[in-house]
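Read through the structure below, which is laid out as structure tokens, and then see the notes.
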Amino acid sequence: MDLKSHIRTIPDFPKPGIQFYDITTLLLHAEAWRETVDLLAEAVKKHEPDLLAGIESRGFIFGAPVAYALGLGFVILRKKGKLPGSKASHTYELEYGNDTIEMHDDAVRSGQRVVLIDDLLATGGTMDAAVRLLRGIGAVVPAAACVIELTFLKGRGRLDVPVESLLTYDD
Ligand code: AMP
């Protein structure tokens, strides 16, 4: 199936000059949605995870069904201030200012293998922050996976874990 044909591109969103890759159209198409989850599950499985982790919020949409399909637990990495329990956090730099992601500090036991899932890899800043957050609490991160990789932004080069991507765009 041509999954790319189900991804809508929207120019100048959220700001001028950015081409936004919109996965809502993929989610609306039952077969494309199922195929995406199946392909992600296959790509992730070979890294032998104990758990999967999703990055808020589109990482939840893809990560949770993949974890369900593989019979694994699912850890959520959230924006600051959303989680109720005792937390670990990691702050990272953005183009302007910075951002913080958090997770419950008892969600992963030291040495557990956690594969990360997000919808899209752009510069790699978000994925890199998630890897550091997980490692900070003792997790092993054998790989990261995404549906879309914007190869021209070279996010993969910023990460020290292998990245599984289903679709690549080079401009
Ligand atoms: P980055 O940290 O630069 O790799 O950005 C990745 C995060 O930002 C992902 O969670 C994406 O959902 C979102 N994102 C970045 N660029 C785009 C884009 N062009 N289209 C859609 N989502 C994007």
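The figures that follow rest on heavy atoms only: side chains count, while hydrogens, waters and symmetry mates do not. For ligands, and for the atoms within them, numbers begin at 1 and follow the listed sequence.
Nearest protein neighbour of atom 22 (N) of ligand 1, counting heavy atoms only, is R58 NH1, 3.3 Å. Nearest protein heavy-atom contact of atom 19 (N) of ligand 1 is Q19 O, 2.9 Å. Regarding atom 21 (C) of ligand 1, its nearest protein heavy-atom neighbour is F20 CE1, 3.4 Å. In terms of protein heavy-atom proximity, atom 20 (N) of ligand 1 is nearest to Y21 N, 3.0 Å.
Residue-level proximity to ligand 1 for I55 is absent, since no heavy atom of it falls below 4.0 angstrom.
Shown here, atom 5 (O) of ligand 1 is in close reach of the protein: a heavy atom of it lies under 4.0 Å off.
Contact atoms of ligand 1 toward T126: 1 (P), 2 (O), 5 (O), 6 (C), 7 (C) (distance under 4.0 Å to a heavy atom of the residue). Less than 4.0 angstrom separates some heavy atom of D118 from each of these atoms of ligand 1: 9 (C), 10 (O). Listed by number with element, the atoms of ligand 1 under 4.0 angstrom from any heavy atom of L150 are 19 (N). The T123 neighbourhood of ligand 1 comprises atoms 1 (P), 2 (O), 3 (O), 4 (O), with distances under 4.0 Å to a heavy atom of that residue.
R113 places a side-chain N or O within 3.5 Å of a backbone atom of H47 that can act as its donor or acceptor partner. Of the possible donor and acceptor atoms, one in the side chain of E102 sits under 3.5 Å from a partner among the backbone N and O of G81. Side-chain N or O atoms of T25 include one that pairs as donor or acceptor with a backbone N or O of H6 at under 3.5 Å. D12 contributes a side-chain N or O that, together with a main-chain N or O of G17, makes up a donor-acceptor pair within less than 3.5 Å. The backbone N or O of T168 sits less than 3.5 Å from a side-chain atom of K4, completing a donor-acceptor pair.
Rounding to the nearest 0.5 Å gives a distance of 11.0 Å between CD of Q112 and CG of L134.
A heavy-atom separation below 4.0 Å is found between D119 and ligand 1. For D22, the closest heavy-atom approach to ligand 1 does not fall below 4.0 Å. A heavy-atom separation below 4.0 Å is not found between M127 and ligand 1.
For a threshold of 3.5 Å applied to N or O pairs, the pair formed by G124 and ligand 1 contains at least one separation below that value. For a threshold of 3.5 Å applied to N or O pairs, the pair formed by A122 and ligand 1 contains at least one separation below that value.
None of F20, F152, Y21 except one satisfies the ring-ring contact (aromatic ring centres under 6.0 Å, His included) rule with Y169; the exception is Y21. If you run side chain to side chain contact (heavy atoms under 4.5 Å, CB included) between P142 and each of V115, V114, L116, V44, only V115 comes through.
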For this session: Decide salt bridge (Lys or Arg N to Asp or Glu O under 4.0 Å) for E56 and K82; before the verdict, give the C-alpha distance in whole Å, the side-chain angles of both, and the deciding distance to 0.1 Å.
Result: CA-CA 10 Å; E56 184 169 1; K82 304 278 188 184; 5.0 Å; no
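Looking at D99, L120, I10, I7 and measuring to atom 17 (C) of ligand 1, the nearest heavy atom belongs to L120.
A side-chain donor-acceptor contact under 3.5 Å links S86 and D105.
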